[in-house]
Structure formats: structure tokens, C-alpha cells
Amino acid sequence: MLNLLKTSSLLIRNEVNLINSQIGALFHTSTVVDAKNSNAGHSNKPKRFLRQNKKIFEPQLPDETPRPAFVCHQKENIRYSPKKMWYIAAFVRGMTVDEAVKQLSFQLKKGAAAVKETLLEAQEIAVKQHNVEFKSNLWISESFVGKGVVFKGIRRHAKGRMGRVEYKHCHYFVKLEEGTPPEHYYLPYPKTPEQQLDDWMSQMRKRKITNSL
Amino acid sequence: MNRVINEISIVLRQFEQLIPVIFGRHPFPPEPLAVLATQSNAFDTQNNLKQSFSLKDLIGDGFLFAVPVFRRTLEVRKTRKIGIPYRGGPEGLKTLRVKYNIKVCDTCGHYYEKVCLCPNCYQRVREETKEIQDKIMQKLKIDPVEKDVIVLYDGEKKQDSEFWNGRRIIEMEKPRPQWFSKNLMQKSTQPNAESKEVEVVGPTIQVKPSDLG
């Protein structure tokens with residue numbers, strides 16, 4: 001309703017062409033407005049996630065468990081809705097890279113192709129720059145989506161009404177870690193009867209009569 | 001500006017009649033309608049149409065219909081996003097599902113779904129078929145099909161015309177592909193017997209191992 005008010009008031013107030021240069025460009029095929037050449041030349045890409053790659057850790061003590069190698073990679077401004085991309089990002093969490101790539105090849109989703117590409121790129125970077133020995137020994141420890149640039153446009157409806165069209169983009173972030181993936185990515189996970197018994201026993205043993213010895 | 005106002009006034013007069021049609025889906029209160037039909041301030045014959053008119057005058061109390069009143073809780077939002085297992089069938093869960101029917105092709109080593117053919121192998125067959133079809137078009141054009149077409153590759157002997165029984169021959173200027181055995185072109189069906197008498201069937205065409213691709 002509010003949209004209707006806005007657009008109709010615009011119509012009445014201004015007989016002149018409402019369509020701004022961006023949308024005009026969309027209708028005319030001569031100049032393509034895409035996520036790369038918008039925002040007056042300077043990049044609107046997220047940078048914080050990739051800074052993790054540059055972090056240098058202290059040398060570890062010989063008795064410490066070795067810290068697994070990791071690589072952070074991202075793909076910006078994929079022409080896909082973030083809401084829809086979430087399903088693919090969530091699907092791939094906790095899988096090995098090979099398994100993820102194999103499964104994504106058979107998922108009939110537009111974003112699946114972009115995610116698969118990102119994973120393969122990340123795998124390559126891990127081997128070349130992050131001292132990963134075997135490219136198959138990687139699993140997806142983090143996989144999430146961010147909102148990218150949104151271009152707005154207008155479309156016609158019946159009876160002279162106008163609607164807003166949003167050309168949404170998303171960023172896809174992935175962090176690969178060396179090693180085998182954990183049994184369960186999320187908590188709480190379904191426990192076996194033995195595990196449940198152990199938990200119960202430890203709970204029972206923690207009990208104390210207050211102010212007793 | 002005036003032109004726009006005049007146009008709108010015409011449209012609005014028609015709009016009066018069309019209101020039940022337009023807002024047919026929503027339970028539209030009678031009051032605004034009655035106001036519009038009887039009083040019709042906006043369309044007074046004595047006054048000209050007001051310079052400023054608002055959508056609120058037009059639609060009245062129905063202006064903010066279908067607007068959310070309460071914030072959706074996190075539980076509701078999560079349920080909408082993820083779904084509920086087995087509600088309304090196995091498609092109750094909206095998350096993507098892992099496919100367990102992916103196999104490795106024996107011939108080419110690519111992945112394929114058990115339900116389908118290996119896309120890599122099939123692509124290879126399609127390319128070869130296209131070449132054969134192009135050759136057939138080149139040589140035989142679009143003559144009516146009366147006899148079978150025999151495809152011969154490099155180094156395959158042309159036998160005497162009696163053997164071919166009037167079938168048309170296409171010669172490909174390339175060696176026979178490894179995977180395309182002659183055995184494939186043998187017919188699996190037989191024509192119906194002409195007489196009911198049991199005939200002593202002569203020796204059938206034996207395909208010797210040397211003739212196999």
C-alpha cells in the first residue's frame with residue numbers, strides 16, 4: 001500500500017520520465033549496468049573476511065596440537081538473491097571440499113554454480129599459498145552469505161500501477177580448513193545411548209549437598 | 001500537469017464502477033464505497049476537480065489493508081525458512097538434500113546420477129552422431145528413407161553389393177571410435193514369419209571377435 005502511494009504520487013507530481021539513468025541503462029542494451037561498474041569506480045567489496053588470510057600466528061610449542069591450515073575466500077556480487085543463496089551455503093557446511101563440489105554439480109540451483117566455482121578456487125589457493133599438502137584434505141568450516149548491491153527498477157502492472165523490481169546480488173564467503181571434518185557440525189547433535197548415559201552419570205556425579213564436606 | 005489531472009478524472013469516474021472488481025479479494029468495508037457513491041466530494045459538478053487529491057481520499061479506511069500488525073517471531077521465521085520435516089510430505093523440509101545416488105562412470109570416470117546416463121559419455125555419443133548425421137545429409141540429402149544406412153569408417157572393407165542388399169553406404173573419413181563397436185548396429189528385432197511351417201533356419205551372421213570394435 002505504501003509503495004502504491006509513493007509510486008502514484010510520483011506519477012502525479014512528475015510527468016517527466018521517472019526512470020533514472022541506471023534503469024534507463026537496463027532498458028537500453030547499449031550500456032550494461034552491472035555490479036562491477038557501479039558506485040563511481042571504487043569497489044564496494046567486503047574486505048574484512050579476507051584479512052584473516054594475512055594473519056600470522058606465533059610459532060607453536062612442540063607439545064601443542066598442530067593448528068590446521070585454513071584459507072578464506074569469497075565471491076562478491078553474485079547475481080542471485082541472498083535468501084536463496086543461504087540454502088546452498090547451509091547445505092555445504094561441514095562437508096569435505098570434494099563431496100561439496102560433487103553434490104553441487106547435481107543441485108538444480110543457479111547459485112550452486114557460483115559456490116562450486118568459489119570452492120575450487122579456494123582449494124587451489126589453499127594448496128599454492130597456505131601450505132596445504134593434499135587438496136582433498138580440506139573441509140568447509142565456514143560458509144555464509146552476505147547482501148550485495150541491489151539495483152532497483154520499475155515494472156508495469158495492470159491499470160496504470162507500477163511495481164518495484166529489485167535486482168539482488170549476494171556475496172558468498174567460505175573458509176576451508178585442513179583435516180577431516182567433524183562428525184557433527186552443529187550443536188546439539190543427536191547422541192548415542194552410551195553418550196547419553198555418560199552425560200547423565202557425569203551430571204549425577206556433579207551434584208553436591210550445599211555446605212557439606 | 002492539467003492534462004494529467006484531466007486524464008485522471010476520467011479514470012477515476014470509471015474507477016468508481018470498477019472498485020468492487022479491483023478490491024474483490026479484500027473484504028472491503030461499505031463506508032468508503034458509500035461515501036464515494038453518494039457524497040462524491042471529489043467529483044462535484046459545481047467544483048472542478050481539486051488540484052491536490054490523495055490516495056487516502058480514494059481508498060479511504062482500506063488504505064492500510066494487508067499491513068502486518070505484529071512482528072514475526074524468530075521461531076516463525078525459522079520455520080518458514082527451514083520447514084518442518086514430513087509436514088505435507090517429504091518436501092516439508094526446505095533445505096537442500098544430499099543426493100546418495102551419484103555414481104562414478106566406469107568408462108570415463110565422471111560423476112553421474114544413477115537415474116540418468118553419464119553426461120560425459122552421452123556427450124561423446126551425441127557429437128559422433130551429429131557428425132554421422134551431417135555426413136548423411138551431405139551425401140543422401142533428404143531423399144525418402146527406403147533402405148537402411150550403413151556407416152563405414154576408415155579401413156573397413158566395402159563388400160559386394162549383394163551383401164548390402166541395396167542399403168545405402170556412408171563412408172566417414174576417420175577411424176572408428178573405440179567405444180563404437182559394430183555389434184551395436186545389429187538388429188535386435190526380427191520380421192514376422194511369412195508361413196506357419198517350421199523352417200530349417202540356416203546359419204545366422206556370426207560376428208567374429210575380430211569384427212568387434
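Proteins come first, then strands; the chains are lettered A, B, ... in the order of their sequence lines, and each starts at number 1. Keep in mind that what you see is a predicted model, and the values were worked out from it rather than measured.
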* **Enclosure of B:N101 CG (heavy-atom neighbours >12, cutoff 6.0 Å)** => yes
* Check: A:Q107 side chain, B:R97 main-chain N or O, donor-acceptor pair, under 3.5 Å -> yes
* Asked: Between the side chain of A:Y87 and the main-chain N/O of B:K81, is any donor-acceptor distance below 3.5 Å?
  -> yes
* Do the non-hydrogen side-chain atoms of A:F91 and B:T95 ever get within less than 4.5 Å of each other? -> no
* Asked: Sub-3.5 Å donor-acceptor pair from the side chain of B:K99 to the main-chain atoms of A:Q103, do we have one?
  -> no
* Asked: Heavy-atom distance under 4.5 Å to chain B: side chain of A:K109, backbone, both or neither?
  -> side chain
* For A:R67, does the CZ atom sit with more than 12 other heavy atoms under 6.0 Å from it, leaving out its own atoms? -> yes
* Answer yes or no: does atom CG of A:N131 have more than 12 heavy-atom neighbours from other residues, nucleotides or ligands under 6.0 Å? => no
* Inspect the surroundings of OH in A:Y186 and state if more than 12 heavy atoms from other residues, nucleotides or ligands are less than 6.0 Å away. => yes
* Heavy-atom count around A:K147 NZ within 6.0 Å, excluding the residue itself: above 12? -> no
